[in-house]
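Some notes on the structure that comes next.
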Amino acid sequence: MKKLITTLTNIWKIEDLRNRIITTLLLLLIYRIGCHVVLPGVNPDALVARSSEGNSILDLINMFAGGSFSRSAIFALGVMPYISASIVVQLLGIAVPAFQKMQKEGESGRKKMTQITRYLTLAITIVQAVAYVKTQVPAEAKTLAEPMFTILSAIVLTAGTLFVMWLGEKITDKGIGNGISLIIMAGIIAQLPAGIVAEWGSRMSPSGGGPIPLLLEFVALFFVVIFAILVVQGIRKVPVQYAKKIVGNKQVGGVRQYIPLKVNAAGVMPIIFAQAIMFLPMALSQFFPDLQSDFLASLSNYTSVAYNVTFAVLIIAFTFFYTAIMVNPQQMSEDMKKNGGFIPGIKPGYDTNIFIDNVISRITFPGAIFIAIIAVLPALAAKLGVNNQFAHFYGGTSLLILVGVVLDTLQQIESHLLMRHYDGLMKTGRVKGRSTATVEGVDQSAL
């Protein structure tokens, strides 16, 4: 306790860090207030009646939006259009030569990519806003006539998403941590109290089992979080030796460093891609009622065996796919060769490329298995009797985002402390964030 009080005191003493934390909290408060402002022309009472119907997949989307999705709030779409645009631009940077050239232009290229991402976010938001109004706002909740309601709501939803995107950028510039990731994390954490209350009510009911099962659930959640931290932090250190050079009268080089290859280099992207595909059966059953079947119905139920087996297989496949396009062993070997570095016992060039590729393949497979296990844990928890609202916190994208963002933010706070010669956040070791793991776009999706 004394160590904690001392650390908090040191954080408060650093004016720049204190101002950044306060700015971050104020901007997140603005976001949370906006999540409760209902769209103009919507009757909130009709929405409350409708939300009690419950849908597992829509509940998951609603959790990422901080509850604003089910409220038809002005921030109902959240930052998901921005995340989608960032992923598209990132993939274009791998496949399209013009985008590859922009990535190599340094700061000016990064600004161009950011501007393209913003324009693409606007286009995606407009499409999603119209679809949201048409499918998620019931007719009995509309107090304005069509098409005025759809036009007005689409404009407000688009403006809301752009404002949230601006908040995220301001948090990144003026606050602490990655703004977009913190906004997603704030939305997820906002659903935790309601999930705990729902689970408490369920367990305290006559048929709920009492406090013992509830206590076991919290113990299980603790170990799941520890497991997720191990997966997020797990790395394989590949030693790199640099040749000695004589520059003038000084000897430089000759040091040994490490390439940190992450067990989970793809972050939460495989789960996001797999979830996007798993939404298709539900969409098909809604738009084409004639195609409804038991198999499609099972794929629309996130607790079914068919859903989870398919989901796990897709996650493993996307983990290998995304790791292959994001981690380039050939580029690593070329950079080492240019800088006079080599892996002990491995010839520079082609042999180094093959060695790094083999190491990545070997550590990616268990990483993919671990991610798939984490992704299906909420369904397993729901099958064991945990309330749906609380079961979502047992794994999946939400847990990985929470762990990754918290570690990243703590790592930045610790950097401020160490830079000013204060003790770190822990007595031994250092907090390792995601900064060494992936590029910025992936971090935001880990968002």
Side-chain angles (χ1 to χ4, degrees), residues 1-5 7-8 56 59-60 63-64 66 177 181-182 184-205 208-235 262-264 267-268 271 302-303 308 311-312 315 366-411 413-414 424-434 437 446-447:
M1 181 60 70
K2 183 179 180 181
K3 171 68 175 177
L4 175 62
I5 295 174
T7 302
L8 294 176
S56 58
D59 286 344
L60 188 63
M63 182 170 63
F64 291 135
S181 299
L182 284 172
I184 297 176
M185 186 191 73
I188 295 173
I189 291 180
Q191 304 303 303
L192 182 58
I196 294 176
V197 170
E199 185 63 20
W200 175 272
S202 175
R203 289 303 181 187
M204 292 301 107
S205 63
I212 301 299
L214 184 64
L215 180 62
L216 293 177
E217 289 174 4
F218 281 108
V219 172
L221 181 60
F222 172 78
F223 284 105
V224 168
V225 172
I226 297 299
F227 177 68
I229 292 175
L230 291 175
V231 173
V232 172
Q233 297 284 75
I235 60 172
K262 289 189 70 68
V263 173
N264 179 25
V268 299
I271 301 181
Y302 90 108
T303 61
N308 285 281
F311 191 34
I315 288 173
I369 298 295
F370 292 153
I371 296 174
I373 292 174
I374 291 176
V376 301
L377 279 179
L380 179 61
K383 277 292 186 181
L384 294 176
V386 180
N387 186 278
N388 282 339
Q389 288 180 272
F390 191 56
H392 286 308
F393 291 94
Y394 274 85
T397 315
S398 58
L399 182 61
L400 290 176
I401 288 176
L402 289 176
V403 170
V405 174
V406 169
L407 290 174
D408 186 42
T409 305
L410 291 178
Q411 188 267 337
I413 293 175
E414 185 173 61
L425 297 175
M426 298 189 301
K427 291 183 179 180
T428 59
R430 292 288 177 259
V431 177
K432 293 183 290 184
R434 299 168 298 162
L447 27 191

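Quick caveat: nothing in here was measured; it's all calculated off a predicted structure.
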Quick check for you: to the nearest 0.5 Å, what is the distance between [X] atom [atom1] and [Y] atom [atom2]?
X	Y	atom1	atom2	answer
Glu199	Phe218	CD	CZ	7.5 Å
Met204	Leu214	CE	CG	5.5 Å
Phe393	Leu221	CZ	CG	9.5 Å
Asp408	Ile401	CG	CD1	13.0 Å
Asn264	Gln233	CG	CD	11.0 Å

Shortest non-hydrogen contact between [X] and [Y], atoms and distance:
X	Y	value
Val403	Ala228	CG2-CB, 4.1 Å
Ile315	Ala375	CD1-CB, 3.2 Å
Ser181	Val405	CB-CG2, 3.5 Å
Arg203	Val386	NH2-N, 4.2 Å
Val263	Gly367	CG1-CA, 3.5 Å
Ala382	Ala391	N-CB, 4.0 Å

Inset, instruction - Verify side chain to side chain contact (heavy atoms under 4.5 Å, CB included) between Leu377 and Leu380, making sure each step is shown before the conclusion. - result: CA-CA 5 Å; Leu377 279 179; Leu380 179 61; 4.2 Å; yes

Inset, instruction - Have a look at Val224 and tell me which of Leu399, Val219, Ile373, Ile374 forms a side-chain contact (heavy atoms from CB on, under 4.5 Å) with it. - result: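 With Val224 as partner, Leu399, Val219, Ile373, Ile374 yield a single side-chain contact (heavy atoms from CB on, under 4.5 Å), made by Leu399.
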
Inset, instruction - With side chain to side chain contact (heavy atoms under 4.5 Å, CB included) as the test, would you mind laying out the steps for Leu402 and Ile188 before giving the verdict? - result: CA-CA 8 Å; Leu402 289 176; Ile188 295 173; 3.9 Å; yes

Legend entry - Mutual orientation of the aromatic rings belonging to Phe390 and Tyr394 [parallel < 30°, tilted 30-60°, perpendicular > 60°]: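 Taking Tyr394 first and then Phe390, their aromatic rings stand perpendicular (interplane angle over 60°).
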
